[in-house]
Amino acid sequence: MSNLKNVFNYTVLTIASIVSVFPFLWMVVSATNKSVEVTKGRLLPGSHFMENFRNLLDSTNLVNALMNSAKIAIVTTLLALLISSLAGYGFEIFKSKTKDFVFNFLLLSMMIPFAALMVSLFRMFGTISQIFPSIGIDTMMAVILPTATTAFLIFFFRQSTKMFPKEIIEAGRIDGLSEWGIFFRLYVPTMKTTYAAAAIITFMSSWNSYLWPLVILQSPENQTVPLLISNLGSSYYPDFGMIMTAIVIATLPTALLFFFMQKHFVAGMIGSVK
């Protein structure tokens, strides 16, 4: 009976793995074929990857789009880690009569879809553009600031902080460390797995962000990789081989980041503290 159960479990897992991996494999294979072959659903590797890559470089400013996406994703990630960890630490460690009310109100904001906020945000940055043009409409800071932190990340850090040994904080205070010293010298190094998990989540979300950059970025030189790929697919005769090549290139940074930090990601998601 146990052997039959194992066979069933492995069969289900194998099918689920194939279904999960197939879109990625099809994307990679399609990047090596011509547009006509992709349209026909060819599942065998071809020899046109370099041709698709050259066509992509000739018809788009791919390098500039990659640099824009990288700048936005890196700055957003760094700001999100700093702000969210400070907020999560403060909500858990410091005592206040109103902190639970504020935290619950913060969690309620997670129920509001971002699309419902875009009109207000756009009008706000339109007003800011008249005073501070460097952080107004059609600037990278306008993409970064609304996503510099999220209620989910604050909640994530607070939940992880619950497992942080409070004795370390008391020992730091006895030794004369300031609250900033405790945070940066004791808390941050101890919570590295949580930071790694939060960094992966934030970087991937920022790198793949499409809707808000589409609304706030108006100049071609400021477009990000998702916008570039969207423009490729909106032509009258889209070159699917070139589009798949662009998607493969756009996927590599997030895939490599997750590959090299997957152990920390898993440890951080389960809330372990080492």
So, the side chain of N52 versus the backbone of A31: is there a donor-acceptor pair under 3.5 Å, distance only? yes

Should we count CZ of R173 as having more than 12 external heavy atoms under 6.0 Å? yes

What I'd like to find out is whether the side chain of T254 reaches to under 4.5 Å of the side chain of F258, using heavy atoms alone. no

Establish whether I72 and L211 are linked, either directly or via other cluster members, by ILVMFWY side-chain heavy-atom contacts under 4.5 Å. yes

One should read off an interatomic distance between T251 OG1 and M244 CE, to the nearest 0.5 angstrom, of 10.5 Å

Return yes if some donor-acceptor pair links the side-chain N/O of S205 with the main-chain N/O of I201 below 3.5 Å, else return no. no

Please check: side-chain N/O of T150 versus main-chain N/O of L153, any donor-acceptor pairing under 3.5 Å? yes

From CD1 (I154) to CG (L86), nearest 0.5 Å: 10.0 Å

Around F132, counting heavy atoms of other residues, nucleotides and ligands shown, do more than 12 lie under 6.0 Å from its CZ? no

Evaluate the side-chain contact (heavy atoms from CB on, under 4.5 Å) criterion for residues V102 and F105: first the C-alpha distance (whole Å), next the side-chain angles of each, then the deciding distance (0.1 Å), finally the verdict. CA-CA 5 Å; V102 174; F105 185 79; 5.6 Å; no

Using every non-hydrogen atom in the two residues, find where S129 and G136 come nearest and quote the distance to one decimal. OG-CA, 3.0 Å

Stepwise side-chain contact (heavy atoms from CB on, under 4.5 Å) check, F22 with L43: CA-CA 10 Å; F22 176 77; L43 297 178; 4.1 Å; yes

Can you tell whether the side chains of D239 and R54 come within less than 4.0 Å, N to carboxylate O? no

Mind jotting down which residue pairs meet the side-chain hydrogen bond (donor to acceptor under 3.5 Å, both in side chains) criterion with at least one end in residues 60-84? Sequence neighbours excluded, please. S84-T149

Is there a path from L62 to F240 through hydrophobic residues (I, L, V, M, F, W, Y) whose side chains come within less than 4.5 Å of each other? yes

For residues 193-218, which residue pairs qualify under ring-ring contact (aromatic ring centres under 6.0 Å, His included), counting only residues two or more places apart or in two chains? F114-W212, F157-Y195, F203-W207

Under 3.5 Å, side chain of S178 to main-chain N/O of G181, donor-acceptor pair present? yes

Count the heavy atoms belonging to other residues, nucleotides or ligands that lie under 6.0 Å from CE of M110, then report whether that count exceeds 12. yes

Listed once per pair and sorted, the ring-ring contact (aromatic ring centres under 6.0 Å, His included) pairs that draw on residues 38-78, sequence neighbours left out: none

Please say yes or no: joined through hydrophobic side-chain contacts below 4.5 Å, possibly via intermediate residues, are L13 and V7 part of one cluster? no

For the pair K34 (side chain) and G241 (backbone), establish whether a donor and an acceptor sit closer than 3.5 Å, ignoring hydrogens and angles. no

So OH of Y187 and CZ of F184: to nearest 0.5 Å the spacing works out to 11.5 Å

Enter the distance from S160:OG to R158:CZ here, rounded to the nearest 0.5 Å. 12.0 Å

Taking atom CD1 of I74 and atom OG1 of T202, what is their separation to the nearest 0.5 Å? 13.0 Å

Are the side chain of N33 and the backbone of V29 linked by a donor-acceptor contact shorter than 3.5 Å? yes

Where A198 and L81 come nearest, the two heavy atoms and their spacing: CB-CD2, 3.6 Å

Evaluate the side-chain proximity of L56 to I249: yes if any heavy-atom separation is below 4.5 Å, no if none is. yes

Would you name the heavy atoms of S206 and A73 that are closest together and state the gap between them? OG-CA, 3.3 Å

Nearest 0.5 Å, please: how far is CG in N231 from CD1 in I243? 10.5 Å

Please determine whether residues I137 and I144 belong to a single hydrophobic cluster, defined as Ile, Leu, Val, Met, Phe, Trp and Tyr linked transitively by side-chain heavy-atom distances below 4.5 Å. yes

Is the shortest side-chain heavy-atom distance between L117 and S120 below 4.5 Å? no

Closest non-hydrogen atom pair between V28 and V248, with its separation: CA-CG2, 4.1 Å

Exceeds 12 heavy-atom contacts within 6.0 angstrom, atom CZ of F101: no

Are M242 and S59 packed together at the side-chain level, in the sense that at least one heavy-atom pair is separated by less than 4.5 angstrom? yes

Min side-chain heavy-atom separation I169-Y89 under 4.5 Å: yes

Heavy-atom closest pair (P146 atom, L121 atom, distance to 0.1 Å) is CB-CD1, 4.2 Å

E51: which residues meet the salt bridge (charged side-chain N to carboxylate O under 4.0 Å, His left out) condition with it, sequence neighbours left out? none

Heavy-atom side-chain proximity of E170 to E167 below 4.5 angstrom: no

With a 4.5 Å heavy-atom cut-off, do R185 and W180 have their side chains touching? no

With a 4.5 Å cut-off on side-chain heavy atoms, are I216 and D138 touching? no

Hey, is E37 close enough to K40 for a salt bridge, meaning N to O under 4.0 Å? no

For F103, which residues count as a ring pair (Phe, Tyr, Trp, His ring centres under 6.0 Å) partner, sequence neighbours excluded? F91

Nearest heavy atoms of T224 and P213, plus distance in Å: OG1-CB, 4.3 Å

hydrophobic_cluster_shared for L252 and I247, side chain cutoff 4.5 Å: no

Listing request: all side-chain hydrogen bond (donor to acceptor under 3.5 Å, both in side chains) pairs with a residue in residues 9-29, at least two apart in sequence or in separate chains. none

